[in-house]
Amino acid sequence: MNYWLMKSEPDVFGIDDLAAMPRKTDHWDGVRNYQARNMMRDEMKKGDQVFFYHSNCKEPGIVGIAEVVKEGYPDHTAWDPKSKYYDPKSDPENPRWYMVNIKFVRKFDRTVSLQEMKQEKALEGMKLLQRGNRLSVMPVEKKHWQHILKMEKR
DNA sequence: GCCAACGTTGGC
DNA sequence: GCCAACGTTGGC
């Protein structure tokens, strides 16, 4: 099993929105970055665990856990001219963009903030903390995953 | 709201 | 294939 982190803006779609969905599940549409696309299409597997990260907000950080329940499949919003994610260059015969479905697992007791994570020696080298990182989907190492779970309980 | 960092686009 | 211009992300 692998571990991941996915970013979302709470004003647009936060962890509470995921928890409020039917079956607490939603498709992760709108990713228009090739690196993130490749991970969703090729690497994320059913049962993989996902940190849900709130970005672009007052207190950026990890707020809970979700789980991959459906592996990569074409992101149909790319073919919908009315969607804000419409990409005329994505051909249904040869889809350019992919998404996965994730299901709410649990919300953290508290937010493990970005600021806090930056100060942790044990999290050195974590992708999220690297300068200028803008990926909205990224892998998390098991040791980092476990350390963050400990931080939550402090 | 600012701005640094990064990805993409397109002219050459 | 280079690289300047532009758009977006996201912390602050």
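Just so it is clear: chains get the letters A, B, ... in the order the sequence lines come, proteins before strands, and each one is counted from 1.
Counting to the nearest Å, the P atom of C/dT8 and the CG atom of A/D87 are 13 Å from each other. Nucleotide C/dG11 holds its C1' atom 16 Å from the NE2 atom of A/H54, rounded to whole Å. Distance NZ (A/K89) to C1' (B/dG10): 10 Å, rounded to an integer number of Å. In this structure, A/L128 atom CG and C/dT9 atom P are separated by 17 Å, rounded to whole Å.
Projected onto DNA chain B by closest heavy-atom contact, A/R96 and A/R131 fall at different nucleotides, the more 5' of which corresponds to A/R131. Along DNA chain B, the nucleotide nearest to A/G132 and the one nearest to A/N56 differ in position, and the one closer to the 5' end is contacted by A/N56.
In this structure, the side chain of A/S90 engages the main chain of A/R96 through a donor-acceptor pair within 3.5 Å. Here the side chain of A/R37 pairs no donor or acceptor atom with the backbone of A/V31 at under 3.5 angstrom.
Between A/E124 and A/K143 there is no salt bridge, since no side-chain N of the basic residue sits under 4.0 Å from a carboxylate O of the acidic one. A salt bridge links A/K107 and A/D16; the closest N-O separation between the charged side-chain nitrogens and carboxylate oxygens is under 4.0 Å. Using a cut-off of 4.0 Å between Lys/Arg side-chain N and Asp/Glu carboxylate O, A/D26 and A/K103 are scored as not salt-bridged.
The distance between the ring centers of A/Y86 and A/W97 does not fall below 6.0 angstrom.
Between A/K7 and C/dT9, a side-chain N or O to OP1/OP2 separation shorter than 4.0 Å is absent. At the phosphate of C/dG10, neither OP1 nor OP2 sits under 4.0 Å from any side-chain N or O atom of A/K58. Put simply, A/Y53 has a side-chain N or O that comes within less than 4.0 Å of OP1 or OP2 on C/dG11.
Under the salt bridge (charged side-chain N to carboxylate O under 4.0 Å, His left out) criterion, A/K58 pairs with no residue, sequence neighbours left out.
Criterion: ILVMFWY side-chain heavy atoms under 4.5 Å apart, direct or through other members. Under it, A/L128 and A/I65 are part of a common hydrophobic cluster.
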Below 3.5 Å between N/O atoms, which protein atoms pair up with nucleotides 5-7 of chain C? Just atom names and distances, please.
none

Only distances under 3.5 Å count here; give the side-chain donor-acceptor pairs of residues 67-74 of chain A to other protein atoms, sequence neighbours excluded, each with its distance to 0.1 Å.
{"residue": "A/E71", "atom": "OE2", "partner": "A/K46", "partner atom": "N", "Å": "2.9"}
{"residue": "A/Y73", "atom": "OH", "partner": "A/N101", "partner atom": "OD1", "Å": "2.5"}

In residues 1-9 of chain A, what donor-acceptor pairs under 3.5 Å come from side-chain atoms, sequence neighbours left out?
{"residue": "A/W4", "atom": "NE1", "partner": "A/D48", "partner atom": "OD2", "Å": "2.9"}
{"residue": "A/K7", "atom": "NZ", "partner": "A/L135", "partner atom": "O", "Å": "3.2"}
{"residue": "A/S8", "atom": "OG", "partner": "A/F13", "partner atom": "O", "Å": "2.5"}
{"residue": "A/E9", "atom": "OE2", "partner": "A/N56", "partner atom": "ND2", "Å": "3.4"}

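A heavy atom lying under 4.0 Å from DNA chain C marks the following residues of residues 114-125 of chain A, by number: A/L114, A/K118. Contacts with DNA chain B (heavy atom under 4.0 Å) in residues 31-42 of chain A: A/Y34, A/Q35, listed by number.
For the residue pair A/Y34/A/R41, the side-chain donor-acceptor check at 3.5 Å is not satisfied.
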